[in-house]
Amino acid sequence: MSYIVVDVEADGPIPNLYSMVSFGAVIVEPSLSKTFYGEVAPISPNWVPEALGVSGISREKHMTFRDPKEVMEEFRTWIKENNRSGRPIFISDNVAFDWQWINYYFHYYLGENPFGFSGRRIGDLYCGMKMDTFQKWKHLRKTKHTHHPVDDAKGNAEALLEMQKMGLKIKTV
């Protein structure tokens with residue numbers, strides 16, 4: 001099993017009515033060198049300018065991105081090639097947001113989600129470690145949070161590696 005940190009940028013609040021713009025993933029291991037980046041064309045005519053603006057990508061640019069099915073197939077292959085054994089574990093800063101997009105796109109385009117039916121939220125892990133539901137964890141990131149999904153996934157993976165140093169039992173090799 002591998003822990004895979006995923007970050008998603010989207011042009012609205014929910015899949016199907018809106019579209020995923022891009023996503024990044026990184027295998028949680030000391031080098032953080034195993035990354036994936038995908039850009040997907042819109043699947044809906046709807047979009048929220050403020051939501052799309054977070055990614056720094058224009059609607060015109062978004063329209064030029066690749067077919068979502070092809071990108072999700074490549075992501076599934078990357079997961080299979082980089083997962084050590086068993087089911088990979090989806091982990092995210094905001095699992096409620098990121099999960100819904102990845103889960104929807106995997107099921108809609110490929111009929112399956114290699115992550116199964118669950119994921120983990122980094123903040124909840126940290127709060128559990130500190131025995132305090134109000135603990136902040138984002139200071140553990142090293143990579144600047146830029147809203148480029150690979151940068152953001154790396155920063156979140158760095159936080160997990162710091163939590164591992166503090167005693168979190170997470171297999172990273």
Exercise for the section: Go through the steps to decide whether Phe106 and Ile79 satisfy the test side-chain contact (heavy atoms from CB on, under 4.5 Å), and finish with yes or no. Expected result: CA-CA 12 Å; Phe106 266 136; Ile79 291 168; 3.9 Å; yes

Practice task
Check whether any side-chain heavy atom of Val95 lies under 4.5 Å from a side-chain heavy atom of Phe90, and answer yes or no.
Solution key: yes

Problem - Heavy-atom side-chain contact between Asp151 and His145 under 4.5 Å - result: no

Handout entry: Residue pair Arg87 / Pro114: nearest heavy atoms and the distance that separates them
Key = CG-O, 3.7 Å

Practice task
Tell me, with the steps shown, if Met20 and Met72 meet side-chain contact (heavy atoms from CB on, under 4.5 Å).
Solution key: CA-CA 12 Å; Met20 184 162 58; Met72 297 313 289; 4.2 Å; yes

Exercise for the section: Any chance you could measure Gln164, atom CD, to Met129, atom CE, to the nearest 0.5 Å? Expected result: 10.0 Å

Practice task
Show your reasoning for whether side-chain contact (heavy atoms from CB on, under 4.5 Å) applies to Lys154 and Lys142.
Solution key: CA-CA 8 Å; Lys154 273 190 175 181; Lys142 294 177 184 159; over 6 Å; no

Exercise for the section: Using the rule that two of Ile, Leu, Val, Met, Phe, Trp, Tyr join whenever any of their side-chain heavy atoms come within less than 4.5 Å, decide whether Val21 and Val150 are in one cluster. Expected result: no

Problem - For Ala153 against Gly24, the heavy-atom pair lying closest together - result: CB-O, 4.1 Å

Handout entry: ILVMFWY network linking Val40 to Trp99, side-chain heavy atoms under 4.5 angstrom
Key = yes

Practice task
For the residue pair Asn94 and Val8, establish whether any side-chain heavy-atom pair is separated by less than 4.5 Å.
Solution key: no

Handout entry: Phe36 CZ to Trp78 CH2 distance, which is reported to the nearest 0.5 Å
Key = 8.0 Å

Completion exercise
Minimal heavy-atom distance between Pro68 and Ala41, with the atoms involved, is CG-O, 3.7 Å

Problem - Flag side-chain contact, heavy atom, 4.5 Å: Phe115 against Val6 - result: yes

Handout entry: Ser31 and Glu29 side chains, donor-acceptor separation under 3.5 Å
Key = yes

Problem - Side chain to side chain, Ile57 and Phe65, heavy atoms closer than 4.5 Å - result: yes

Exercise for the section: Using the test ring pair (Phe, Tyr, Trp, His ring centres under 6.0 Å), find all partners of His107 that sit at least two apart in sequence or belong to another chain. Expected result: none

Exercise for the section: Could you tell me whether the side chain of Leu140 reaches within less than 4.5 Å of the side chain of Met166, counting heavy atoms only? Expected result: yes

Completion exercise
In short, Asn83 meets Gly86 closest at the heavy-atom pair ND2-O, 2.6 Å

Practice task
Compare all side-chain heavy atoms of Thr146 with those of Asp152 and state whether any distance is below 4.5 angstrom.
Solution key: yes

Completion exercise
Here the gap from Lys171 atom NZ to Tyr3 atom OH, rounded to the nearest 0.5 Å, amounts to 8.5 Å

Exercise for the section: Please answer: with hydrophobic residues joined when any side-chain heavy atoms are less than 4.5 Å apart, are Leu17 and Trp47 in the same cluster? Expected result: no

Exercise for the section: State which residues pass salt bridge (charged side-chain N to carboxylate O under 4.0 Å, His left out) with Glu70; sequence neighbours excluded, sorted by chain then number. Expected result: Arg66

Practice task
Determine the minimum heavy-atom distance between Ala51 and Gly12, stating which atoms define it.
Solution key: CB-N, 3.7 Å

Exercise for the section: Could you state whether Tyr37 and Tyr105 fall into the same hydrophobic cluster, counting links through intermediate Ile, Leu, Val, Met, Phe, Trp or Tyr residues with side-chain heavy atoms under 4.5 angstrom apart? Expected result: no

Handout entry: Centroid-centroid under 6.0 Å between Trp101 and Phe23 rings
Key = no

Exercise for the section: Please assess Asp93 against Arg141 for the test salt bridge (charged side-chain N to carboxylate O under 4.0 Å, His left out), listing each intermediate value before the final yes or no. Expected result: CA-CA 11 Å; Asp93 171 359; Arg141 295 173 172 158; 2.9 Å; yes

Exercise for the section: Work out which heavy atom in Asp124 is nearest to a heavy atom in Arg121; give both atom names and the distance. Expected result: OD1-NH1, 2.6 Å

Handout entry: OG-CD1 distance between Ser19 and Ile14, expressed to the nearest 0.5 angstrom
Key = 11.0 Å

Practice task
Kindly indicate, with the supporting measurements, whether the criterion side-chain contact (heavy atoms from CB on, under 4.5 Å) is fulfilled by Asp11 and Val48.
Solution key: CA-CA 6 Å; Asp11 68 7; Val48 177; over 6 Å; no

Problem - Euclidean distance, Gln100 CD relative to Ile102 CD1, rounded to 0.5 Å - result: 10.5 Å

Handout entry: Enclosure of Arg120 CZ (heavy-atom neighbours >12, cutoff 6.0 Å)
Key = no

Completion exercise
Sorted by chain and number, sequence neighbours left out, salt bridge (charged side-chain N to carboxylate O under 4.0 Å, His left out) with Glu112 holds for Arg76

Exercise for the section: Group every Ile, Leu, Val, Met, Phe, Trp and Tyr by side-chain heavy-atom contacts under 4.5 Å, then state whether Ile91 and Phe97 land in the same group. Expected result: no

Handout entry: CG on Leu32 to CD on Glu158, rounded to 0.5 Å
Key = 6.0 Å

Exercise for the section: For residues Trp137 and Leu160, determine if any side-chain heavy atom of one lies less than 4.5 Å from a side-chain heavy atom of the other. Expected result: no

Exercise for the section: Assign the ring pair His139 / Tyr126 to parallel, tilted or perpendicular, where the plane angle (0 to 90°) is split at 30° and 60°. Expected result: perpendicular

